[in-house]
Amino acid sequence: MNLTHSLLKRQLKQCFGELDEIPEDLQRFMGSVNAAYLEFDNDREMLERSLELSSQELLKANSEMRGVLAAFPDLFIWVDQDGWILDCKGGGGSKDYCISMKALIGKRVQDIPGKSVSIKFVEVLQKLKSSKETTNLEYSITIDGTEQYYEARALPILNQFLIIIRNITDRKIVERKIDEQHLFLKKIIDLNPNLIFATDKQGQFTLVNRSVGELFGQPVEKIIGKVDVDFNINEAIVERFRNDDREVIELKTEKLINEEQVTTKDGRTFWFQTIKCPIFDDKGDVDQVLSVATDITERKKTEGELNKSQKLESVGQLAGGIAHNFNNLLTVILGNVSLATNYLSPDSESFELLTNAENAIHSAKSLTQQLLTFAKGGAPIRKVTPTAELIKETTDFTLSGSKIRCKLNISEDVSPVNVDPGQISQVIQNLIINADQAMENGGSITIEGQNVKEIPMGDGKRNHGEYVKIVVSDMGTGISKENLSKIFDPFFTTKNEGQGLGLATVYSIIKNHAGYVDVSSKENAGTKFIIYLPVACQSSGESIVKLKTRPKTSVNAKINVLIMDDDPFVLKIARKTLEALGYVVKTAKDGADVISSYKKLMNSAESIDVVILDLTIQGGMGGIEANDELKKIDPNVKAVVSSGYSGDLIMSNYNDYGFSGVLSKPYNMAEMNMTIQGLVRAN
């Protein structure tokens with residue numbers, strides 16, 4: 001038993017003394033015991049080595065875990081059941097948490113800095129004890145003047161609690177910026193005048209801006225979740241909206257709708273140009289449709305007005321085309337009537353009848369001029385005109401046969417005005433007709449005329465100067481406050497018939513005369529139109545037009561007049577009229593004929609004193625070109641331009657084109673005589 005275990009040897013010596021004295025029958029047993037001792041030692045050595053290795057690995061793992069926790073940005077706090085802090089790790093440096101970890105260990109949760117924060121942690125631990133479920137909380141503290149935000153999570157681990165605290169300040173800043181951007185975008189969407197809205201696959205509104213709410217007369221929050229049919233009365237239009245949305249969803253592409261109509265529950269109708277865009281979900285499917293609708297209602301109205309204007313312009317062009325020929329006919333008629341009155345006594349009944357016919361012819365001319373004035377601008381052909389006489393003659397003619405009474409209240413000293421008599425007569429006529437129509441059951445009109453030193457221009461402003469104020473008042477139905485600001489708009493009318501050109505023409509004419517027109521009215525209390533026209537400058541040397549002047553039948557000296565017109569009837573009556581006035585008359589059918597005649601007579605006893613040139617000659621040289629050629633022959637030529645189309649700018653600006661005078665068709669005997677006499681006297 002050389003390999004006897006030391007412990008067994010010691011025990012055997014105590015019992016038997018020497019090992020040789022052990023009975024032989026026990027030695028075999030002792031051998032088994034010795035083997036067991038040796039095997040036990042071997043197992044113990046192995047166990048010790050294993051424990052040593054495990055302890056080292058555990059220490060290493062624990063050291064590694066502590067290193068990881070120390071570097072981790074989150075703060076880990078272990079707390080026992082009574083709220084004592086057992087350990088504190090991590091945090092990446094405790095500065096961000098305003099906590100000294102060493103000072104914290106061994107303290108209670110109540111000792112965590114910040115009273116409001118510690119109270120929250122105490123409440124969380126109490127909740128954990130009862131629920132055993134993870135609990136979250138958020139809090140903030142101020143560090144060095146800057147607010148820091150934290151998120152804490154508390155959870156039970158065996159008989160302890162683990163609190164994990166994370167600094168979420170950066171996340172909060174990002175969230176705040178996102179919220180600010182969201183609010184900013186919401187304001188942009190809300191302030192956008194366009195309708196901006198989104199609908200889901202069921203057609204329910206998921207987003208609407210303020211403009212949508214204003215259109216439907218509903219708060220924005222009450223529109224969310226509703227559908228189009230809740231706000232539109234036309235189901236066919238609503239179905240078209242849904243079809244457009246389905247198309248965008250199915251094709252996954254945007255769609256532009258140039259025009260679509262919306263009729264609200266209260267009966268208002270609007271037009272929109274709309275673009276619809278798909279909004280995709282995470283899977284790439286379209287789950288909403290975003291729409292931006294631009295209100296084009298005013299544009300539609302403007303287009304409608306433009307169409308009317310274009311039609312009116314076409315009518316104006318047509319009227320302009322026939323005005324020349326039409327006024328040529330009136331010239332022949334007026335010339336004959338005017339010539340006939342020259343042979344009658346002013347007291348005779350025939351004279352009065354022919355004078356009425358003469359006035360009617362001038363009114364017939366104004367019918368074409370009314371359309372031309374509005375369609376082409378109607379530049380006025382100004383003449384110094386007696387205001388009182390113009391008002392009286394227009395009123396008498398307009399109210400002839402009417403049951404309406406008229407009271408004239410015109411100052412005796414009212415000044416003459418430098419105007420186009422036909423156009424101003426047209427203005428007064430339109431106002432009287434409006435007043436007449438506003439008093440279906442009869443009534444009276446008052447027309448006033450007086451001199452004033454200033455005119456109101458609105459907003460308390462006044463324009464100082466010499467003006468004639470003409471007021472036309474009636475006792476009719478009046479004009480509503482809503483319509484009062486629109487009455488001068490083209491095509492606006494409250495009547496069942498008519499195009500609404502009368503007051504628009506009034507405004508256009510007065511504006512072209514550097515005047516001002518105003519109106520005051522109340523429903524069922526009558527209407528008052530006020531017109532201001534500049535007083536004629538007496539230093540201009542122009543003589544006042546006498547609207548009913550009977551011309552002298554002879555002139556003091558021999559005056560040669562050459563008149564050109566392509567209408568033989570006009571030439572014929574013009575010759576008779578001028579000869580009746582005592583002039584020597586030559587005629588020409590076109591510009592070439594005028595030039596030839598002028599050259600022949602230029603250095604003779606029959607040299608031409610005044611030339612009257614028709615502006616337009618069909619198939620020949622007209623008045624402008626003929627005048628230019630005459631000036632080459634005789635720079636001192638006295639040429640008068642004449643036309644039946646008084647809307648032509650040449651007629652209102654004849655001096656700019658080298659003419660010395662103007663004679664608008666149809667003209668009467670007095671107008672011809674006054675024009676020629678004015679040029680002869682000036683010469």
Side-chain angles (χ1 to χ4, degrees), residues 324 327-328 331-332 334-336 338-339 342 381 551-646 648 650-651 654-655 657-683:
H324 182 269
N327 283 327
N328 277 350
T331 300
V332 175
L334 181 59
N336 281 283
S338 180
L339 187 59
N342 194 55
I381 302 174
K552 295 179 180 179
T553 57
S554 62
V555 293
N556 296 328
K558 179 182 178 183
I559 298 175
N560 296 315
V561 178
L562 174 59
I563 182 167
M564 176 192 79
D565 203 294
D566 60 349
D567 190 319
F569 296 104
V570 172
L571 279 180
K572 184 177 181 181
I573 189 60
R575 174 189 282 274
K576 286 185 177 182
T577 301
L578 291 171
E579 288 176 346
L581 289 168
Y583 297 104
V584 178
V585 184
K586 305 290 183 182
T587 60
K589 61 182 179 180
D590 57 27
D593 198 7
V594 166
I595 295 167
S596 176
S597 298
Y598 198 91
K599 284 180 178 180
K600 290 179 182 179
L601 301 172
M602 184 175 176
N603 297 318
S604 68
E606 296 181 332
S607 60
I608 304 300
D609 297 292
V610 177
V611 182
I612 300 175
L613 301 173
D614 191 13
L615 184 62
T616 305
I617 300 294
Q618 293 185 1
M621 183 189 297
I624 294 178
E625 188 177 353
N627 188 40
D628 291 341
E629 293 298 322
L630 288 174
K631 284 187 175 297
K632 294 176 183 179
I633 302 170
D634 179 10
N636 297 317
V637 63
K638 299 295 181 181
V640 176
V641 63
S642 179
S643 177
Y645 185 20
S646 60
D648 200 306
I650 298 172
M651 298 291 287
Y654 59 89
N655 285 318
Y657 293 87
F659 292 100
S660 302
V662 62
L663 195 57
S664 179
K665 297 179 182 178
Y667 44 75
N668 60 19
M669 197 173 189
E671 291 170 333
M672 291 186 75
N673 188 43
M674 183 181 65
T675 301
I676 296 172
Q677 287 294 314
L679 292 178
V680 172
R681 285 197 300 270
N683 193 38

Closest non-hydrogen atom pair between M602 and S607, with its separation: O-CB, 3.3 Å
Examine distances only and state if a side-chain atom of T577 and a backbone atom of M669 form a donor-acceptor pair shorter than 3.5 Å. no
Step-by-step side chain to side chain contact (heavy atoms under 4.5 Å, CB included) determination, V640 to L679: CA-CA 9 Å; V640 176; L679 292 178; 3.2 Å; yes
Does E629 come within less than 4.0 Å of K632, counting only side-chain N to carboxylate O? yes
Which atom of L613 lies closest to which atom of A639, heavy atoms considered: CD1-CB, 4.2 Å
Tell me, do V584 and K558 make a side-chain contact under 4.5 Å, heavy atoms counted? yes
Residues G591 and A626: closest non-hydrogen pair is CA-CB, 3.9 Å
Quick one, V641 and Y657 - any side-chain contact, counting heavy atoms below 4.5 Å? no
Residue K631 excluded, over 12 heavy atoms near NZ under 6.0 Å: yes
Any donor-acceptor N/O pair, D565 side chain to D614 backbone, under 3.5 Å: no
Considering only NZ, NE, NH1 and NH2 on the basic side and carboxylate oxygens on the acidic side, decide whether D567 and K665 come within less than 4.0 Å. no
Atom of A574, atom of I563 and distance for their closest heavy-atom approach: CB-CD1, 3.4 Å
CD1 on I573 to OG1 on T331, rounded to 0.5 Å: 10.0 Å
Would you compute the distance between atom CG of L571 and atom NZ of K589 and round it to the nearest 0.5 angstrom? 11.0 Å
Quick one: salt bridge (charged side-chain N to carboxylate O under 4.0 Å, His left out) partners of E606, sequence neighbours excluded? K586
In Å, rounded to the nearest 0.5 Å, how long is the span from CG of L615 to CZ of F659? 6.5 Å
With rounding to the nearest 0.5 angstrom, report the CG to CE distance, D593 to M564. 9.5 Å
Using the rule given for side chain to side chain contact (heavy atoms under 4.5 Å, CB included), can you reason through V610 versus Y583, listing the C-alpha separation, both sets of side-chain angles and the distance that settles it, and then say yes or no? CA-CA 10 Å; V610 177; Y583 297 104; over 6 Å; no
So, does E671 use its side chain to make a donor-acceptor pair with the main chain of N668 at under 3.5 Å? yes
State the CD1-OH distance between I612 and Y667, to the nearest 0.5 angstrom. 6.0 Å
Short question: side chain of N627, backbone of G658 - any donor-acceptor pair under 3.5 Å? yes
Please give me the minimum heavy-atom distance between L562 and S597, naming the atom from each residue. CD2-CB, 4.3 Å
Once you round to the nearest 0.5 Å, how far does CG of D590 lie from CD of E625? 10.5 Å
Positive for side-chain contact (heavy atoms from CB on, under 4.5 Å) with V561, one of D609, I676, I608: I676
Side chain to side chain, Q677 and I559, heavy atoms closer than 4.5 Å: yes
